[in-house]
Amino acid sequence: MVALVDCNNFYASCERVFQPALMGRPIVVLSNNDGCVIARSNEAKALGVAMGAPWFKVSRRFQALGVQVFSSNYALYGDLSRRVMQVLARFSPRLEVYSIDECFLDLSSWRGDRTALGAEIVHTVQQWTGLPVSVGLAPTKTLAKVANRMAKAGHGAGGAVLDWTQWPAQRETLAALPVEDVWGVSTRWGARLRQMGIATALALAEANPTRLRKVFSVVLERTARELAGQSCLPLELVPPSQRQIMVSRSFGQRLTQREELEAALTAFAMRAGEKLRRQRLRTRVVSVFVHTSPFDRAASHYANAATLVLEHPTRDSGRLVRSALQGLGRIFRPGLAYQRAGVLLPDLAPEQVEQGVLFSSAPGDNARSDRLMDCLDALNRSPARRAVGYASELQGHAWRMRQRHKSPASLSNWHDLPIVHAR
DNA sequence: TCTGGGGTCCTAGGACCC
DNA sequence: TCTGGGGTCCTAGGACCC
């Protein structure tokens, strides 16, 4: 038995925690660079704001309707997410943090009233973090997703809680659920399934699993079996080690100068190094990519990547920066308007095990480099954020993203701490 | 003027091994 | 006329997730 706890309209709800006056009002949160709509409050959904809509195209219309807009504030969302997960861990030590706003809990050993437990989870998270959540209970993860969806729609017996095993209208619910709304089925597979006459979750649950595996893959077969009540996706209680690290951004404006791109890639490589070291990993490969905007009509689209295989795995930001700039040298074409770039570390290894190299001339990371990196990380940790870096980052700042509607970092910056006045 | 940023898994095919 | 049978590893591409 598994519970899926999912925060309602997470980013929008986070913005309300420190601005309660926004309760009941339509809110949207934008992607980096204030590009697209990536989260909407229920009120904004009701007004017809589409998920993924380019904000510059629809902002006039919706701001006239009173929609409040926010740039994304991941410092805030990440901190609130951590707090929610801490609360949930009190209810079951066996949990899988599935995403920034979702968590699966193993309740198979819970003997009490499950709906009551769900209601207590909803109440506690609300009271301790200020965030609304919904709970779906079911024998499989995929069905827990369905149950959560029903709970959010207000069908649950306990308000925001729905126990699938107690739900009298299972078949009707699955029959009314479009197949592409099932977890693990998106538009492409949905279209192909419809061609096969499988248009609803019920039809998928009753489809022949072997045929699904043959036509699609074992992934869809599992989804179908899960819908039919057979658990195929175990809880991942221990998060597996990360396989790759990526840092990439769209620029605040188009870049044409190589030095500007170098500045951006320096910052990205630095950030990648921080992520690498936080997880106690090294990388053997540094890949760098740039591209122009696919939406720019004037010029033809250019996208390219360069991959550098290092002689020794490294966790040294200096090495990452040098490799990234070297890679850029291979793919930079003058005269283009670059819109985005990134650094990818696709081949990670644990920090402490290192494969030796038989014919090696270059030195790998040494104790001195390790100490330097630890020192760098210590200096750059909050509150002295971004205290020390590499000089090539100073060659330009035009790449930095637009964030015209950002709320304060109320939980992660002393200067942004809310002040409560008492009388 | 302006269109996000991360990740994962699976499969097929090619290269290699004995 | 005719040329085996079993493996592994790696990568690219395509799908999915939030």
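Throughout, a chain's letter reflects where its sequence line sits, starting with A, and its residues are numbered from 1. Scope of the values below: all heavy atoms of this structure, side chains included, with no hydrogens, waters or symmetry mates. Everything quoted here is computed from the prediction, not taken from an experiment.
One side chain, A/T292 or A/H301, offers a donor N or O that lies under 3.5 Å from an acceptor on the other. Between the side chains of A/D365 and A/T314, a donor-acceptor pair is found at a separation under 3.5 Å.
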I would like to know whether A/Y11 and A/F70 meet ring pair (Phe, Tyr, Trp, His ring centres under 6.0 Å); could you show each step before the answer?
CA-CA 9 Å; A/Y11 295 172; A/F70 291 92; over 10 Å; no
Any chance you could lay out the side chain to side chain contact (heavy atoms under 4.5 Å, CB included) test for A/W110 and A/M1, step after step, and finish with the verdict?
CA-CA 9 Å; A/W110 175 259; A/M1 200 63 193; over 6 Å; no
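Between B/dT3, B/dT8, C/dC16, one nucleotide has an atom nearer to the side chain of A/W189 than all others, and that is C/dC16. Side-chain proximity of A/R222 to B/dG4, C/dC18, B/dC10: nearest is B/dC10. Checking B/dC10, B/dG6, B/dC2 against the side-chain heavy atoms of A/R402 singles out B/dC2 as nearest. The side chain of A/S248 sits closest to B/dG6 out of C/dC16, B/dG4, B/dG6. Minimum atom distance to the side chain of A/Y74 is reached by B/dG4, of the listed B/dG4, C/dC17, B/dC10. Nearest to the side chain of A/K275, among B/dG6, B/dC10, B/dG4, sits B/dG6. Residue A/Q244 places its side chain closer to B/dT8 than to any other of C/dA15, B/dT8, B/dT3. The side chain of A/D101 lies closest to C/dC18, out of B/dC10, C/dC18, B/dG4. Considering only the side chain of A/F295, B/dT3 comes nearest among C/dC16, B/dC9, B/dT3.
Rounding to whole angstrom units, CZ of residue A/R213 and P of B/dA12 are separated by 11 Å. If you measure from atom CZ of A/R284 to atom C1' of C/dT11, you get 13 Å, rounded to the nearest angstrom. In this structure, the CG atom of A/N32 is 9 Å from the P atom of B/dG4, given to the nearest Å. Atom-to-atom, CE of A/M51 to P of B/dG4 comes out at 13 Å; the value is rounded to the nearest Å. Distance NZ (A/K214) to P (B/dC10): 19 Å, rounded to an integer number of Å. The distance from atom OH of A/Y338 to atom P of B/dC2 is 17 Å, rounded to the nearest whole Å. Between the CE atom of A/M246 and the P atom of B/dT8 there is a distance of 10 Å, rounded to whole Å. Whole-Å rounding puts the A/W183 CH2 to B/dT8 C1' distance at 11 Å.
Heavy-atom nearest nucleotides on DNA chain B were determined for A/G35 and for A/V247, and the one closer to the 5' end corresponds to A/G35. Position along DNA chain B of the nearest nucleotide to A/S217 versus A/L344 favours A/L344 as the more 5'-ward residue.
Contact annotation: A/S59 side-chain N/O to B/dC2 OP1/OP2 distance is not under 4.0 Å. Between A/K57 and the phosphate of B/dT1, there is no side-chain N or O to OP1/OP2 separation shorter than 4.0 Å. The phosphate of C/dC18 has OP1 or OP2 within less than 4.0 Å of a side-chain N or O from A/K145. Note on A/S99: every side-chain N or O is 4.0 Å or more away from OP1 and OP2 of C/dC17. Taking 4.0 angstrom as the limit, A/Q242 places none of its side-chain polar atoms (N or O) nearer than this to OP1 or OP2 of B/dG6.
Using a 4.0 Å heavy-atom cutoff across all strands shown, A/D34 reaches no nucleic acid atom at all. Looking at heavy-atom distances under 4.0 Å, A/Y98 makes contact with sugar-phosphate atoms alone, never a base. Across all strands, A/I245 comes closer than 4.0 Å only to sugar-phosphate atoms, never to a base (heavy-atom distances). A/R192 comes within 4.0 angstrom of no nucleic acid atom, judged by non-hydrogen atoms across all strands. Nucleic acid contact class of A/N33 (heavy atoms, under 4.0 Å, all strands): none.
Pairing for C/dC18 is with B/dG5, a Watson-Crick or G-U wobble pair whose two hydrogen-bonding atom distances lie under 3.5 Å.
When the options A/R322, A/E274, A/R271, A/R277 are evaluated for a side-chain hydrogen bond (donor to acceptor under 3.5 Å, both in side chains) with A/S317, the one that passes is A/R277. For the side-chain contact (heavy atoms from CB on, under 4.5 Å) test with A/R16, the passing option among A/N9, A/L22, A/L131 is A/L22; the others fail.
Residue ring and nucleobase are not stacked for A/W55 and B/dC2 under a centre distance beneath 5.5 angstrom and an angle between planes beneath 30°.
A salt bridge is defined here as a Lys NZ or Arg NE, NH1 or NH2 lying under 4.0 Å from an Asp or Glu carboxylate O, and A/R222 with A/E226 fails to meet this definition.
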